[in-house]
Amino acid sequence: MLRSHTCGELNKTHLGGKVTLCGWVNSMRDHGGVTFFDIRDRYGITQAVCSPEDSADIFEEIKQLRSEWVVRVEGIVSERPAETVNLRIQTGEIEVRVQNLKIMNPSLPLPFELSEAGKTDEILKLKYRYIDIRSPRLNGNLRKRALFSHKVREFLIKENFTDVETPVLTKSTPEGARDFIVPSRLNPGNFYALPQSPQLFKQLLMIGGIDRYFQIAKCFRDEDLRADRQPEFTQIDMEMSFVEEDDVIAVTERMLKYAIEEAFGLEISIPFPRITYDESVSKYGSDTPDMRIPFEYRDLTDIFKNTGIKILKEIIEKRGIIKGFAVAEGGSISLKDIENIDKLVREAGGGGLGWIRFRTDEIQSPFKKLLDAETINKLKPDGKSGNSILFFLGGKPKPVRENLNMIKKAVAGKAFKPQAGIFKFTWVTDFPLFEYDEAEKRLQAVHHPFTSPREEDIPKFKTGPSGMKSRAYDIVLNGIEIGGGSIRINSRQIQEEVFKTIGVEKKVYLERFGFLLEALEYGAPPHGGIAMGLDRLIMLLAGEDSIRDTIAFPKTQKGACPLTNAPGSVEESLLKENKIRVDIPKTE
RNA sequence: GGGGCCGUAGUUCAGCGGUCUAGAAUGCCAGACUGUCGAUCUGGAAGUCGCGGGUUCGAAUCCCGUCGGCCCCGCCA
């Protein structure tokens, strides 16, 4: 070993001891007659000190040091003079009096300052990712991620899950996201696809009697990127045989509780609340509700039906709805704010904003004169009327919901800011099995086409598949979907019904999914599972805004890696071997 | 495919109703300094104002195009 200790562990118990530290020079403080410098490694920072009395030669050599040089320092652990103790660092009570110095590698000045890394240009940070990784934030995120993954594995192995690797070179499937493809040299003109998830393989593992499978698996989807989407990402992928929804949900909850508590030191209480898809959309306007935000939508159509407010009456007569939500502590929302929100709604084409402010004994509202006491009473939010505001809109359900979501966002930014460190998990259940795809003019699987319908809905394949409910469940954390799963179809006949319903021709599904259909006929047990986005989970738990900050070497929004310059061109010979000709159309 | 914001010393940013011989902070270099810890003080170097074109006597600044970054919509079974 080149070192006897790390830079984070020395304290008064080591006084007088001879130690050797290795690390990066963190900051030089040359006072002429005495020089201090900090050595940093991922464990911490230790101050080194040297004056000519220690050694004239070493003292001179230290003057050459610069930030980020890699050094090995040999010296004696000494007590700092009382007034110079630094309580902000772990090792602040001691310092190392340098007896020997080895410069292991000098460094150029860094292309950006570690302390500025938070706001440095993304492309520069990615080009020098290894420098960014030296920052405690990124370094810490990667270690938290590793610890979390370790705890997940530990838990699942204890619970009898078997970690199985599935292929990365696999087959393209027509449903779902765009595939990344890999040419096959041995089969010219044919391509592998990188897996969008190990979905089919894990189902086959169930048919193979593995019973409980998991994998921390890389997945690939060639779609446009977002702060929480990378072209390659990692899922905690699980599948279990002979289970129902509650079994998958329960083991997932226990796993998350264990891994989060162990890796992040947070307290997580289970079971997590559940909400049905329909209720979530109706109350929160979304199937990924953020349970930190307490505003619930209320249908006010019946209350307004018989009032003298003409605009609202007309909306209701045209089979529209009136819907709104109350802000309990609305004191910080000014008339000016309301005006701005109204402007937002109008700009989005949502008609006008209705609002009522409830004070202790009066109300304030553009409709004040048109509202009788009884109606006001009905509209009043439960109990609290100190200074609450009710916002509402009328119109067709979908735009009303969308505009309410917009208002909610605006109000949440004004009157309610979710605290950092609050984690609200929710299960969303009873998803529709299919949804209508406007662009393609056909039904599509909401979850994926291997999701089982509810038993009682099976006859609806014939009578009206759009009303079918699935056995799928999503898990949402603070308004962000972090995972989803379902009980799968284990009957060939139902699987074929689903393909037909979503408009996949028999020829196509036999070609693409024939192996699955066949497998379902060889004793496929009932099974189900879940997949969770590891990157997103770590992002939320670490308090980051982008999954890039949880991934060692992420890509830019255009899918590029400025460090390696991927993607790049390849040798002509390689194209030839793969029988590929590049043909980029010229766009004028 | 579309919308928004951004691109100026190594870095973070100011300048953007045409006059800039482009500033600040920080970093860098040199010197001073025996208790600092974001050390301090003095001095210095440092810019293709993303790239291309246009308007103009004159463009970092106005216009067009283009490349790139970030956020969002579409897309993401």
Side-chain angles (χ1 to χ4, degrees), chain A residues 26-40 45-54 59 63 66-68 78 80-89 91-92 95 97 107-128 131-132 173-179 195-197 199-200 219-231 233 348 402 409 431 433-435 437-440 443-451 470 472 481 484 486 498-499 502 504 512-513 531 533 545-546 548 555-560 562 587-588:
Chain A
N26 201 54
S27 105
M28 290 293 303
R29 297 180 295 278
D30 177 355
H31 288 246
V34 60
T35 299
F36 302 92
F37 63 97
D38 294 334
I39 320 177
R40 183 198 74 235
I45 288 179
T46 302
Q47 172 164 285
V49 59
C50 189
S51 64
E53 293 92 77
D54 295 304
F59 181 70
K63 286 189 184 295
R66 292 292 179 271
S67 285
E68 300 303 317
S78 318
R80 292 196 190 193
E83 67 278 11
T84 66
V85 164
N86 183 352
L87 293 174
R88 279 173 300 177
I89 58 173
T91 60
E95 60 193 355
R97 291 217 80 95
S107 169
L108 296 170
L110 299 188
F112 57 91
E113 289 160 58
L114 288 182
S115 58
E116 298 267 343
K119 26 180 189 167
T120 301
D121 180 52
E122 195 73 25
I123 207 161
L124 192 74
K125 281 197 295 183
L126 291 183
K127 183 171 176 194
Y128 298 100
I131 289 168
D132 205 8
T173 52
E175 283 289 306
R178 199 174 291 113
D179 287 314
Q196 297 178 22
S197 82
Q199 182 60 35
L200 296 176
C219 304
F220 307 86
R221 292 177 192 174
D222 186 10
E223 295 294 347
D224 288 359
L225 307 183
R226 291 281 193 283
D228 61 356
R229 268 161 39 190
Q230 283 274 304
F233 61 99
E402 281 165 3
K409 244 186 214 163
F431 276 79
L433 187 59
F434 303 113
E435 70 190 340
D437 184 328
E438 295 286 350
E440 307 227 348
L443 288 178
Q444 260 197 350
V446 169
H447 194 65
H448 58 53
F450 316 106
T451 298
S470 75
E481 181 193 332
S486 63
V498 169
F499 287 139
I502 61 177
V504 183
R512 300 287 171 170
F513 300 113
D545 294 324
S546 167
R548 281 191 300 270
K555 294 185 173 55
T556 68
Q557 202 163 46
K558 286 197 77 184
T587 46
E588 253 84 2

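Every chain is numbered from 1, with letters handed out A, B, ... down the list of sequences. Because the structure is a prediction, the values reported are computed rather than measured.
Each of A/Lys63 and A/Asp545 lies near RNA chain B, and the nucleotide nearest A/Lys63 is the one positioned closer to the 5' end. Remark on RNA chain B: of its neighbouring residues A/Ala227 and A/Ser67, the 5'-side contact belongs to A/Ser67, judged by nearest-heavy-atom nucleotide.
Taking side-chain N and O atoms only, A/Arg29 has no distance below 4.0 Å to OP1 or OP2 of B/rC41. The phosphate of B/rU36 (OP1 or OP2) has no side-chain N or O of A/Arg80 nearer than 4.0 angstrom. Checking the phosphate oxygens (OP1, OP2) of B/rC37, no side-chain nitrogen or oxygen of A/Thr84 falls inside 4.0 Å.
Looking at residues two or more places apart in sequence or on another chain, you find a side chain to side chain donor-acceptor pair (under 3.5 Å) between A/Asp179 and A/Ser172, A/Gln196.
Rounded to whole Å, atom P of B/rU12 lies 6 Å from atom CG of A/Asp121. Across the protein-nucleic acid pair, A/Lys558 atom NZ and B/rG68 atom P stand 4 Å apart, rounded to whole Å. Note: CZ (A/Arg229) to P (B/rC76) measures 9 Å, nearest angstrom.
The minimum heavy-atom distance between A/Ser67 and A/Ser107, with the atom names listed, is O-CB, 4.3 Å.
Nucleotide B/rC5 forms a Watson-Crick or G-U wobble pair with B/rG69, both donor-acceptor distances falling under 3.5 Å.
Listed nucleotides: B/rU12, B/rU36, B/rG68. Nearest to the side chain of A/Ile123: B/rG68.
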